[in-house]
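Quick caveat, the model's predicted, so the values are computed rather than measured.
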Amino acid sequence: MKRRLIELAATTAALVGFCGAASAEWSKTYVVEWNEAAMYYGAKTGVTDPGTDCPKGTNPEIDQVKLLEDAGYTPAEAKWLRDPANPSRSPVHGQNQMAFRGEGRANVYIHPETTKDYGLVGVSGKISEGINLDGDTSTGFVSPTGEKGIDNTFYKTLGCWKTYRGPPRLSSGALTFNDSMREGAWTVVIVVAGKGDDPMNDKAVDVGFYMSGDKLVKDGNGEIARDYTFRIKPDAKFEALFKAQTKDGVITSRTAADEVWLRDPSYTGELQLLRARVSLTMEKDGSLKGYVGGYRPWKPVYDGWVRARGPVIESLTWVRLPDVYYALKRSADYSPTGPGGEKTHISYAERVDAIPAFVMTPDASKQVTEVTSYKAMASKEPPEKKKIYVVDGLVPDPKVPFGESLKVYPVPAKVSEAASAAPASGRK
Amino acid sequence: MLRRETGDGQFCPGSEDLRRFRAFTCAGAASLALAGATLFAGGLGDPALAKTPKAKPPATVTTAVRRITESQYRHTIADIFGPDIKVNARFEPERRQDGLLAIGSTDLSVTTSGLEQYFALGGSISEQVMDPKSRDTQIGCKPADPGKPDAKCAREFISTVGQKLFRRPLTEGEISARLTTAERGATLAHDFYSGLQLSLTSLLLAPEFLFRTETAEPDPASPGQYRLDAYSKATRLSFLFWDTAPDAELLAAATSGDLQTPAGLNKQVARLAASPRLDDGVRAYFTDMLQFDQFESLNKDAATYPKFSQAVADSAREQTLKTLVDLLIDRKGDYRDIFTSNETFINRYLASIYKVPFASSQEWTRYTFPQSSERSGILTQVTFLSLFSHPGRSSPTRRGIKLHEIFTCQPTPDPPANVDFSKVQAIQNGTVRTRLIDHMTNEGCSICHQSSDPPGLTLEHFDGLGQLRTTENGLPIDVSADIDGVKFSGAQGLGKFMHDDPNVPACLVKQVYGYSIGRAAGYRDQSYIARETEAFAKSGYQVPALLTAMATSPEFFAVKIPAGVKVASQSDTPTSPTR
């Protein structure tokens with residue numbers, strides 16, 4: 001009879017107990033302490049430096065005055081609008097006037113196609129982190145360890161954008177989003193369970209990603225502390241189950257999961273992955289590191305950045321958001337409806353770092369030792385709608401003529417008229 | 001200008017007002033700094049009382065003055081004014097003597113900065129009590145005109161609250177002084193409540209509140225002898241059992257004289273012991289005995305013990321107190337089982353330190369360590385293990401010293417000034433046992449280390465935070481010990497050894513006695529301590545039984561008149577009610 005082995009990762013030294021009759025032969029449980037888009041960094045140091053990934057470095061800082069001039073503002077108007085010392089340039093929304101640079105003063109964040117595509121420079125290197133999603137080794141990138149066929153067009157498209165670029169765990173975007181998670185905004189736990197004798201080499205392994213309502217706890221060094229307990233919080237949407245296997249401690253999907261949803265570490269908030277797979281390594285120190293990948297819808301990515309207050313994002317991360325829109329749309333490489341359908345999705349991988357943790361059932365009565373769905377236990381209450389007012393106000397109030405507040409610098413009548421007519425329809 | 005008025009007519013103290021305000025309220029506290037250091041007959045004086053006509057010295061002797069502790073202050077305020085009153089202050093440090101802060105409290109005074117703290121705190125509490133939303137309930141009466149003084153209502157409040165704070169009825173002089181304050185304050189502010197607030201602040205600053213004054217009176221049953229007066233008795237009982245000032249029933253028993261009778265005393269002690277508030281008393285006692293005040297300065301090297309945090313420290317402290325209350329009070333268990341019982345409580349923070357799952361949706365849950373955990377009672381909880389370690393490493397020596405000091409009342413002398421610690425501190429070498437053996441080649445150190453280190457070394461499977469380990473620097477840790485010919489191994493062996501050590505219960509009896517009376521048990525107390533220890537054993541080492549037996553014994557209230565104090569003549573009338 002096979003020895004029942006429970007290797008709860010949080011108790012590498014102490015055997016905690018045996019699981020129930022229906023549970024797997026072994027299980028390890030973790031909590032995600034870091035996750036970010038898998039963006040291979042090809043430079044030696046610095047965010048903006050050239051590297052094998054981006055030979056010219058990151059996309060350069062935007063000349064926003066010129067951008068406004070391109071949109072039809074006079075140089076004086078453009079400078080006035082961009083002058084942070086001007087107290088009356090916008091009494092309510094600061095620099096939100098950057099929105100109204102589309103055709104007919106349309107809001108370019110809502111209607112990105114009302115402005116031209118300046119062209120976002122993407123990755124030209126050959127190396128990428130991620131997973132071979134389509135099984136084709138003749139396409140895609142080569143992994144840092146030499147594996148061919150890595151599919152990560154998301155990286156190819158946005159990898160030279162300043163917000164995503166940098167060594168692992170050091171890009172500004174990853175720092176921002178993980179700070180939020182690590183301060184308690186959300187928690188994701190991972191359960192790995194198998195039925196074989198050897199967890200490191202098991203042909204039937206299940207992997208589950210679940211939400212938890214218990215916050216991460218930081219240790220004395222500011223890192224997430226190990227061995228804390230987290231209860232699964234059933235969620236009707238955010239749950240990802242994978243059929244996998246282990247070989248020498250590396251967990252890889254046996255088959256792709258048709259559709260999973262994860263909590264996205266970005267302004268998008270939600271990460272739908274089609275044809276999803278995992279590639280995770282059980283490290284000697286008890287941690288779990290690797291990737292979860294698949295094809296994600298590209299439009300919510302753009303929408304997320306826009307909702308995060310587009311003008312600020314553009315200013316801080318050196319990008320024209322409409323360029324991101326055009327780039328993602330242009331690069332999308334997957335259609336859910338088949339090869340001939342509209343490519344609404346783009347190949348993507350997320351880097352996941354997890355540490356040992358105790359994972360409990362939702363009522364905290366038992367340790368979780370198997371991978372199963374908890375969606376049926378999710379609250380029937382509709383999720384609380386997040387209040388994001390960022391886009392509000394970017395659309396001019398038609399009752400208030402544009403320029404009403406611009407007493408210091410009178411705006412030409414034709415500009416006012418054009419602006420008050422916004423939002424204009426998109427350019428076809 | 002004495003007074004400014006805001007737009008809504010509220011009194012707003014300006015600098016001159018503040019000076020006068022302080023003059024009012026500080027009048028009762030002017031002797032505060034002297035009170036802790038001075039024993040004197042006739043009670044502790046409020047200067048305002050000096051004007052009272054009673055010139056005849058009372059026939060009582062002040063036998064002890066002890067500054068109330070922070071927890072006693074907090075409990076008292078919560079009892080009188082409710083738990084919603086915020087007590088936001090830093091209290092002055094306390095002083096440990098003969099192993100207990102309670103004994104050190106007899107030597108404590110109040111510094112200038114401490115007085116400032118009490119002043120600010122008293123003002124804050126008074127302000128909260130006089131909050132318009134709750135003052136009707138707090139005060140219990142309403143002034144005829146809220147814009148004017150009201151002596152009747154003020155007297156009622158001052159008398160009632162003053163008795164609770166002073167733990168005895170106020171003298172007429174004490175009342176009239178505060179009435180004057182209330183009247184003048186109300187007149188100045190055109191607000192009855194502002195005046196009463198000043199009076200309450202004055203009461204909260206008074207040495208009669210901040211210090212427990214124990215008073216002896218002539219014993220009518222034994223001419224020429226003294227006994228503790230009834231209010232001092234009530235106070236001693238209440239602070240021992242409940243860690244707070246006497247409640248109305250206990251004060252009534254003191255006033256009626258019941259408390260001076262065996263039956264009355266037994267009745268009150270039984271009531272105090274049966275109350276759920278006994279938890280507070282037991283927690284306060286063990287907080288003192290186990291030296292948990294050191295948690296306030298506990299620090300750990302984050303590189304070595306990253307899991308340590310203030311939340312962990314607070315949780316650890318609470319874990320041990322919960323464990324003790326559960327075992328000793330709720331389950332009326334054997335005191336000696338504190339060294340062997342693995343039934344405890346954990347929260348999410350501690351579960352991480354102990355590397356066990358936290359199977360509860362509540363803040364705390366019961367937990368029993370399995371045999372494989374190597375844990376054994378409170379010596380293997382994070383409290384003892386982390387408190388008596390170094391910031392970056394464990395310390396068998398410190399653990400051993402504290403084990404002897406706290407649980408067997410055997411203090412260890414301080415090390416000589418010229419000790420070379422270099423071998424012990426070379427933590428990269430071997431295990432701490434091998435390093436200590438090297439260290440003990442110094443003959444000046446070996447005597448003490450031979451006593452302290454063996455028990456401490458048995459706890460070495462727990463690091464400086466209390467986390468389980470089996471190796472140090474890659475070497476297996478030897479946790480064997482031979483103490484007085486008794487060989488055992490590990491924490492569980494130590495727990496059994498302590499459980500069976502007769503010095504352990506005897507030490508508790510001695511400590512509880514010292515904690516209660518405010519002085520260390522001396523040579524003359526030996527036979528009493530021995531009798532109480534025997535009774536403790538017969539009770540099955542039940543702590544409530546120990547407290548009850550001690551509190552109902554005559555020796556517990558025995559009076560020791562300070563040397564050089566003139567005592568009353570036999571013809572003097574005792575001030576305490578009697579039957």
S.K.: In terms of heavy-atom proximity below 4.5 Å to chain A, should Tyr349(B) be classed as side chain, backbone, both, or neither?
M.R.: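 Interface part for Tyr349(B): both.
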S.K.: Apply salt bridge (Lys or Arg N to Asp or Glu O under 4.0 Å) to Asp202(A) and Lys195(A), showing your working.
M.R.: CA-CA 7 Å; Asp202(A) 192 332; Lys195(A) 298 189 184 302; over 6 Å; no
S.K.: Specify whether Phe384(B) and Phe407(B) have parallel, tilted or perpendicular ring planes, treating 30° as the upper limit for parallel and 60° as the lower limit for perpendicular.
M.R.: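 Ring orientation of Phe384(B) relative to Phe407(B): tilted.
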S.K.: Does this structure show an ion pair linking Asp214(A) with Arg231(A), if we count only N-O contacts that are shorter than 4.0 Å?
M.R.: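 Between Arg231(A) and Asp214(A) there is a salt bridge, with a charged N closer than 4.0 Å to a carboxylate O.
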S.K.: Applying a heavy-atom distance below 4.5 Å, give me the residues of residues 175-188 of chain A that approach chain B, sorted by number.
M.R.: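 Hits under 4.5 Å: none found.
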S.K.: What part of Phe358(B) lies closer than 4.5 angstrom to a heavy atom of chain A: side chain, backbone, both or neither?
M.R.: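 Answer is both: backbone and side chain atoms of Phe358(B) are under 4.5 Å from chain A.
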S.K.: Quick check: Phe369(B) with Tyr367(B) (ring centres under 6.0 Å apart)?
M.R.: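 Yes; Phe369(B) has its ring centre under 6.0 Å from that of Tyr367(B).
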S.K.: What residue, out of Ala302(B), Ser361(B), Pro306(B), Ser309(B), has the most heavy-atom pairs lying under 4.5 Å from chain A?
M.R.: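 Of the candidates given, the most pairs with chain A belong to Pro306(B).
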S.K.: Could you walk me through whether Asp478(B) and Arg433(B) satisfy the salt bridge (Lys or Arg N to Asp or Glu O under 4.0 Å) test, starting with their C-alpha distance in whole Å, then the side-chain angles of each, then the deciding distance to 0.1 Å, before giving a yes or no?
M.R.: CA-CA 8 Å; Asp478(B) 177 2; Arg433(B) 181 184 289 269; 3.6 Å; yes
S.K.: Run the numbers on Glu33(A) and Arg169(A) for salt bridge (Lys or Arg N to Asp or Glu O under 4.0 Å), then give the verdict.
M.R.: CA-CA 11 Å; Glu33(A) 58 94 11; Arg169(A) 301 172 73 113; 2.8 Å; yes
S.K.: List the residues meeting side chain to side chain donor-acceptor pair (under 3.5 Å) with Arg348(B), not counting sequence neighbours, and say none if there are none.
M.R.: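 Testing Arg348(B) for side chain to side chain donor-acceptor pair (under 3.5 Å), a comparison that skips the adjacent residues, returns none.
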S.K.: Regarding Glu129(A) and Arg351(A), does a basic nitrogen lie under 4.0 Å from an acidic carboxylate oxygen?
M.R.: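 A salt bridge is present here (some side-chain N lies under 4.0 Å from a carboxylate O).
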S.K.: Side chain, backbone, both or neither: which part of Ala303(B) has an atom under 4.5 Å from a heavy atom of chain A?
M.R.: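 Just its backbone gets close to chain A.
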